[in-house]
J.: 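Supplied in structure tokens, the structure appears directly below.
So that the names make sense, note that chain A is the first sequence line, chain B the second, and so on, each numbered from 1. Just so you know, these numbers use all the heavy atoms, side chains as well, and skip hydrogens, waters and symmetry mates.
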Amino acid sequence: MASIRVFNSLTGEREEFKPKEPGKVSMYVCGPTVYDLSHIGHARSAVSFDAIQKYFRYRGYDVRYARNYTDVDDKIIKRAATEGTSSEVVAEKYIKAFDEDMAALGVGLPDLRPKATESIGKIIEVTGSLIKKGFAYEMGGDVYYSVRKKADYGKLSGKNIDELESGARVEVDERKKDPLDFALWKASKPGEPSWESPWGKGRPGWHIECSAMVLEWLGDTIDIHGGGKDLIFPHHENEIAQSEAATGKTPYARYWLHNGFVNIEKEKMSKSLGNILNIRDALKDHTAEAIRLFLLSSHYRSPIDYTAESLREAESAVERYYKTLQRAAAEYPTILEAQPCLSCVEDRLHDAFKPMDDDFNTAEVIGNLFKEITRMNKAMDEARSKGEKKGVWEELSNSLAVIREASKFLGVFNRTPEEYYKDRSSRVEMELSAQEIERLIAERNEARKRKDFARADAIRKELSEKGVELEDTPKGTTWSVRG
RNA sequence: GGCGGCGUACCCAAGUGGCAAGGGAGCAGUCUGCAAAACUGCCAUCCAGCGGUUCGAAUCCGCUCGCCGCCUCCA
């Protein structure tokens, strides 16, 4: 079996993926800080790594995948204050919302979903050992990591300490020995969530929690660490520093994978622009499947632009697939239920999925799936014009096999046409009931039989104005709701 | 100022040394009472520009122009 190549942010190159233990993959991806609804950027990260994780499994790896919830943080505390409630309540509320959004997008549950607050013991332990080893120091109840204690600080982001400091954008904190030193442990103010520690009551800093959760659940060296590109500095840089200092083992993560950003109509999503797109708002306008297809239609490291146009295109692409399925089922009953023959398409599967082995190129795989869709339609067209169905069933079955295998890791094209159209119909406020539509279709077909095409066209027009589109097929008239 | 990325047709987007995937739009045709869908054909002699390396480059190197990200919480 061909090996998988991954782009490693640490080296800036594509490398052959060699896990620490053959056949096994340990993987950690930074999850959300749960102080608000998650946005389309979280969706991209989650969907990208979901596909990656599923592909490893598809390829037979034994995967242990963790994605955390940061449930103790300044923003959560602030939010709790404005809502007049506790951090715990805020965190729980948005963890639930995040989980719902992920489920809607078909993101599988990671094997482990640790919360920062559940690893406080480990955080204190790691912090303590960093002090003991001289990498961290205590200052009035705070504990800081000393970035100058390890020579290789900056190796992930390609920065060096002196240049960072000349940037002078780092706030100066008198308690720190060096402006770049970061908090491992923060003394808590009254009313804030806090835990007893050797340095008094306090709470963990941001970076240490991920290190602690990784060390606690996955070990000293993991295979893959993922997250958004923006986390490279300082978050992941700091994670590497503190983890490698604490364990004395290098590397902390063998491969670092970072996904690109989502822009909205060519602009960066930001609070100040007020263009943060929540996942649930996106789901109001588009099907989850179209959103997922859109996210996977570009390489995970490239920036992508979320626009009304690009989503409409994704929606059309999804519809093209289900229309083809619907047609296949109409012309070749039971084709969708039949067991496909995987051994018949071994070579095609290999060719179609090969791009995944080169840094998870989902975009190219999707392109290959559309070739299969064209192939299905072509076979059915030829059979119809020749009046000879011989061989078509196998042709359809083989293409379906390829698409369905891909859907195991892409997470799209995995529904029946009925489910798809039902979902689309339910998204539109229907002025007409299904029964009413069926009645009008029957009336129109009567008119067509009488060759009363004026009446027939009037009914088509009437339905169209209400968002219902008709299609006359050899098997009768079908209708769908315009998305 | 420092670090990094990107620039492929009307739009989106693969391609990472051997004669430019795929989706959308458009045009023409087949089919259809009409329409839609589907299918067929057309749609980048060229991959921001200029040099260089090479038998051969969109793909490697250099320079120029343009866009973007990070350096501060951030997926």
J.: Not counting sequence neighbours, which residues clear side-chain contact (heavy atoms from CB on, under 4.5 Å) with A:A253? List them please.
T.: A:I222, A:H225, A:W256
J.: How would you list, by chain and number, every residue that makes a ring-ring contact (aromatic ring centres under 6.0 Å, His included) with A:Y420, sequence neighbours excluded?
T.: A:Y322
J.: Can you tell me if the side-chain N/O atoms of A:W206 get under 4.0 Å from OP1 or OP2 in B:rC74?
T.: yes
J.: Could you state the atom-to-atom distance from CD of A:E239 to C1' of B:rC74 in whole Å?
T.: 15 Å
J.: Report all interatomic pairs (protein N or O, nucleotide N or O of nucleotides 46-48 of chain B) with separations under 3.5 Å.
T.:
none

J.: A:Y421: which residues meet the ring-ring contact (aromatic ring centres under 6.0 Å, His included) condition with it, sequence neighbours left out?
T.: none
J.: Using the six-membered ring wherever Trp is involved, compare the ring planes of A:F98 and A:Y69 and label them parallel, tilted or perpendicular (cut-offs 30° and 60°).
T.: perpendicular
J.: Which residues satisfy the ring-ring contact (aromatic ring centres under 6.0 Å, His included) test with A:W217, sequence neighbours excluded?
T.: none
J.: Please determine if a side-chain N or O atom of A:T70 lies less than 4.0 Å away from the OP1 or OP2 oxygen of B:rC74.
T.: no
J.: Suppose we screen for ring-ring contact (aromatic ring centres under 6.0 Å, His included). Which residues come up paired with A:H39, at least two apart in sequence or across chains?
T.: A:H42
J.: Which residues in residues 444-452 of chain A have at least one heavy atom lying under 4.0 Å from any atom of RNA chain B?
T.: A:R444, A:R448
J.: Reading nucleotides 24-30 of chain B 5' to 3', which nucleotides get B (base under 4.0 Å from a protein heavy atom), which S (sugar-phosphate only), which -?
T.: S------
J.: Could you list by number each residue of residues 383-404 of chain A showing a heavy-atom separation from RNA chain B of less than 4.0 Å, or answer none if no residue does?
T.: none
J.: Map A:H299 and A:K378 onto RNA chain B by nearest heavy atom, then report which one ends up closer to the 5' terminus.
T.: A:H299
J.: Strictly below 4.0 Å, heavy-atom distances to any atom of RNA chain B: list the hits from residues 32-42 of chain A, or just say none.
T.: A:H39, A:G41, A:H42
J.: Can you tell me if A:N377 touches the phosphate of B:rC39, counting only side-chain N or O atoms and a distance under 4.0 Å to OP1 or OP2?
T.: yes
J.: Holding to salt bridge (Lys or Arg N to Asp or Glu O under 4.0 Å), I want the full list of residues that pass it with A:E372, two or more places apart in sequence or in another chain.
T.: A:R348
J.: Under 4.0 Å from any atom of RNA chain B, heavy atoms only: list the residues of residues 98-115 of chain A that qualify, in numerical order.
T.: none
